[in-house]
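For reference, the structure discussed in these notes is given below.
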Protein chains: 2
Amino acid sequence: MTSSDLLFDSRPGANPDRSRLRNRKAVLGQINSAGQMGRAAIARSLGLSTQAVSNIIADLEAEGLLIERGAQSAGRGLPAVQYAVNPEGGFALGVEIRPDVLLTSLVDLGGRPRATRRKVLTDLAPDKIVNQVLQLRDQMLRECGVKPDRLLGAGIVMPGPFGATGLSGQASDLPGWQTIDVPALFSEALERAVVVSNDANAAAMAERFGAAQGLTDYAFLYFGAGLGLGLVHHGQLVEGTFGNAGEIGNLPVMTKHGLKPLEQMVSRVSAQSALAAHGPLDIDALDRLCDVADPDLMRWLETACDALGQALGVIENLFDPQTVILGGAMPALILDHLAQGTPLPKLSVSNRPDATLPRLQCGTSGRMTATFGAAALILNRAFTTQTTAL
Amino acid sequence: MTSSDLLFDSRPGANPDRSRLRNRKAVLGQINSAGQMGRAAIARSLGLSTQAVSNIIADLEAEGLLIERGAQSAGRGLPAVQYAVNPEGGFALGVEIRPDVLLTSLVDLGGRPRATRRKVLTDLAPDKIVNQVLQLRDQMLRECGVKPDRLLGAGIVMPGPFGATGLSGQASDLPGWQTIDVPALFSEALERAVVVSNDANAAAMAERFGAAQGLTDYAFLYFGAGLGLGLVHHGQLVEGTFGNAGEIGNLPVMTKHGLKPLEQMVSRVSAQSALAAHGPLDIDALDRLCDVADPDLMRWLETACDALGQALGVIENLFDPQTVILGGAMPALILDHLAQGTPLPKLSVSNRPDATLPRLQCGTSGRMTATFGAAALILNRAFTTQTTAL
DNA sequence: TTTAATAACTCAACTTACTTGAATATTAAA
DNA sequence: TTTAATATTCAAGTAAGTTGAGTTATTAAA
């Protein structure tokens with residue numbers, strides 16, 4: 001069994017092969033979310049015998065997916081030999097296709113980005129983009145000295161919503177891609193497992209190696225051009241029937257000027273238009289304005305926080321998440337302001353006197369979070385078993 | 001292995017025992033959602049060998065969980081012997097505890113209610129209620145001639161939200177139950193598997209044997225005293241960190257009189273208060289008013305439909321469900337009016353030209369849907385494997 | 001009508017991966 | 001120093017799914 005076999009295969013029926021695969025993922029996932037662990041502790045947490053875990057660890061270590069971390073004494077008894085995920089054990093390619101630009105990343109098994117590329121797009125034709133991706137993949141693999149066979153797969157992020165919906169036909173759509181079988185296209189070209197999702201979902205997955213490490217139920221509010229929501233339930237994305245769950249941009253919120261769509265109050269575009277007097281502003285310009293506490297920006301922040309608070313109430317009451325994470329293509333300073341300044345709704349199931357996690361917090365992977373998240377979609381496949389229920 | 005072993009045990013690690021259990025559930029679940037199936041077809045759908053399915057079917061049939069339905073020819077080749085779930089094979093107890101009344105049901109493995117009981121509560125003390133439940137269980141088992149060992153488990157429905165939250169302290173709370181370990185309480189008394197959830201979640205599960213048969217992703221809007229939402233993702237409930245997901249009652253909706261909480265516009269209580277001039281109205285009285293198209297009720301319906309349409313937009317855009325189902329303690333006529341009269345939001349990911357399912361429809365299990373659903377929580381355990389991911 | 005193709009199903013032997021129980025090593029507490 | 005607790009490995013045992021050959025029933029073509 002090679003490491004790329006770790007991905008996919010999730011038919012409902014269990015047989016020795018698939019059980020083995022499942023257990024390997026469970027062991028890796030457990031170690032990943034705990035940082036490091038010993039055989040016996042893993043066995044207990046998974047409900048397996050230590051012998052079984054021992055065998056699996058031997059395999060995973062031989063394949064380079066795990067590394068020994070020495071023994072750690074914890075009270076009476078023989079100290080347990082600790083194992084951790086070997087970041088060098090595998091890599092995932094992250095691809096984010098936007099109407100204007102192609103972003104790629106190479107992320108290691110530890111969730112750390114090792115290389116990134118940014119390429120302005122002039123031709124959106126699928127085969128052109130596939131070729132660019134192949135080139136960028138090779139560049140990044142070479143740059144990092146990674147052997148191609150260590151590449152587990154690729155995650156592709158594309159603008160949603162997918163298919164013909166009441167929200168389609170927006171500026172974010174990629175012309176010429178509507179009728180394409182995207183997973184097949186990339187999977188054939190890359191000869192690897194491929195997962196496709198939207199930016200908010202990918203960003204949510206990226207946080208499994210950041211703010212959401214060890215969490216199983218959380219939401220991610222993603223700032224792209226607009227605003228998207230990524231939902232994680234039991235460690236898996238809630239993508240919806242057609243992959244369009246989390247379209248929160250049109251959520252109506254109350255403002256001084258009546259009801260407005262959320263993303264008209266809370267998004268990069270909304271900030272930019274509130275600051276139109278300053279001329280065209282990119283993210284860095286916004287960052288500088290925030291740094292000097294520009295009054296126009298502060299006013300926008302106030303209205304944004306208010307709107308965000310309303311959205312937070314809806315998200316919390318509908319999902320009851322462990323936490324809600326903010327991130328995306330916004331200056332970290334502004335995200336901080338939002339996370340700190342947003343009024344936490346009182347009428348919420350998350351308004352608990354005994355809460356241990358913050359109800360709203362910032363993500364850890366910065367502006368490229370969706371591009372890294374694209375890769376995290378694949379990494380998640382190595383750490384968990386997908387469940388095709390019913 | 002006895003049939004009650006079918007429930008629970010869902011540790012992450014796979015071993016022969018658990019794989020067997022998993023496969024048994026998968027076979028049962030597949031047959032249940034398809035109605036009837038042959039060995040080979042099941043094997044294909046689950047990714048198992050026909051031999052494995054054959055062995056499992058032999059066991060399940062011997063245990064009385066499956067019944068043969070004769071051979072069915074489909075093209076060339078030996079006709080496949082069809083199997084269906086034997087409704088008599090197992091039963092689940094449904095218990096709904098409200099502040100004023102105790103409702104119970106006995107539901108067979110086919111999802112059909114076989115007996116119900118309703119008992120006005122004067123004493124809410126946990127031990128008193130447990131005793132009542134034991135009595136009602138025995139009554140119902142006797143009435144239906146069901147042997148006690150055919151009882152798989154019990155689902156308990158209680159008013160949410162659970163734990164101390166910003167929404168707690170409402171009228172629906174059960175005094176004296178806040179600090180109780182409810183699953184343990186009933187599980188010890190009944191000596192059976194016990195699942196606890198809220199009314200909306202239970203109602204959602206009830207529809208797996210009704211309007212949502214064969215569906216894996218849908219939402220259920222439940223009319224109780226207020227309004228609740230049950231979310232089903234990949235055939236499993238999305239209950240949230242503390243079991244409080246789906247608290248949609250406080251969702252702000254726009255009305256002629258400004259923003260109002262959804263359940264102030266769409267709920268039995270809201271209908272009753274809109275019709276206060278008619279004096280106190282129970283569900284049957286509402287039904288009669290609807291039947292004669294009472295103008296006050298029609299006016300209420302109009303505002304309710306408008307509010308419901310807004311909520312529907314939020315649900316659809318956040319979850320992208322296959323369908324949204326309406327049900328609960330409301331007259332069927334009113335539910336029909338709501339399902340028909342609610343404006344389907346245009347700005348929605350569910351607004352698809354090629355949609356095959358209705359975006360909004362009525363459930364099939366009537367007023368007792370939460371009580372039946374309580375039992376369905378258990379039945380669902382017999383047909384699917386829970387996944388404790390990460 | 002005969003024959004070939006197709007598909008479902010069973011039997012018996014085989015394989016795989018987990019479990020069990022005994023043995024050993026290491027640490028902390030008595 | 002002794003005892004209890006815990007981690008780990010080894011070797012044998014077990015359970016469940018797979019494989020491949022053979023049987024039976026049905027459709028479609030010769």
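Below, chains carry the letters A, B, ... as their sequence lines are ordered, and counting in each starts from 1.
Backbone-only contact: A:A14 has heavy atoms under 4.0 Å from sugar-phosphate atoms and none from a base. Across all strands, B:S73 comes closer than 4.0 Å only to sugar-phosphate atoms, never to a base (heavy-atom distances). Looking at heavy-atom distances under 4.0 Å, A:R44 makes contact with sugar-phosphate atoms alone, never a base.
With C:dC18, D:dT8, C:dT27 as the choices, the nucleotide that has an atom nearest any side-chain atom of A:A40 turns out to be D:dT8.
Using a 4.0 Å cut-off, some side-chain N or O of B:N23 falls inside it from OP1 or OP2 of D:dG17. The shortest distance between the side-chain N/O atoms of A:R20 and the OP1/OP2 oxygens of C:dC18 is below 4.0 Å. Contact check, B:S54 against C:dT10: a side-chain N or O comes under 4.0 Å of OP1 or OP2. Within the structure, every side-chain polar atom (N or O) of A:R76 is placed at least 4.0 Å from both OP1 and OP2 of C:dT26. Not one side-chain nitrogen or oxygen of A:S19 sits closer than 4.0 Å to the OP1 or OP2 atom of C:dT16. Considering only side-chain N and O atoms, B:R18 lies nowhere under 4.0 angstrom from the phosphate OP1 or OP2 of D:dA16.
For the pair A:A74 and A:V53, both in contact range of DNA chain C, the more 5′-proximal nearest nucleotide belongs to A:V53. Sequence order on DNA chain D of the closest nucleotides to B:P16 and A:L78 puts A:L78 first from the 5' end.
Using the Watson-Crick or G-U wobble rule with both distances under 3.5 Å, C:dT1 pairs with D:dA30.
Atoms CD1 (A:I57) and P (D:dT8) sit 8 Å apart, rounded to a whole Å. Note: CZ (B:R39) to P (D:dA25) measures 14 Å, nearest angstrom. Computed from coordinates, the A:Q82 CD to D:dT8 P distance equals 8 Å when rounded to whole Å. Nucleotide D:dG17 holds its P atom 15 Å from the CZ atom of A:R11, rounded to whole Å. To the nearest angstrom, P of D:dG17 lies 14 Å from CZ of A:R22. Atom CD1 in B:I42 sits roughly 13 Å away from atom C1' in C:dC9 (whole-Å rounding). The separation between A:I56 atom CD1 and D:dT9 atom C1' is 16 Å, rounded to whole Å. Between the CG atom of A:N15 and the P atom of C:dC18 there is a distance of 12 Å, given to the nearest Å.
Remark: B:R114 engages B:E88, B:D108 in a salt bridge (charged side-chain N to carboxylate O under 4.0 Å, His left out) (not counting sequence neighbours). Residues satisfying the side-chain contact (heavy atoms from CB on, under 4.5 Å) test with B:N23, not counting sequence neighbours, are A:A14, B:L48, B:I56.
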I would like to know whether A:E63 and A:R24 meet salt bridge (charged side-chain N to carboxylate O under 4.0 Å, His left out); could you show each step before the answer? CA-CA 12 Å; A:E63 290 170 30; A:R24 284 166 57 100; 2.8 Å; yes
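Below 30°, between 30° and 60°, or above 60°: for B:F383 and B:F209 the angle between ring planes is between 30° and 60°, a tilted geometry.
Checked options B:L109, B:V146, B:L141, B:V107; the residue passing with B:F91 is B:V146 (criterion: side chain to side chain contact (heavy atoms under 4.5 Å, CB included)).
The base of D:dC10 is paired with the side chain of A:Q51 by a donor and an acceptor separated by under 3.5 Å.
Counting heavy atoms of neighbouring residues, nucleotides and ligands inside a 6.0 Å radius, atom CD of A:E191 does not exceed 12 of them.
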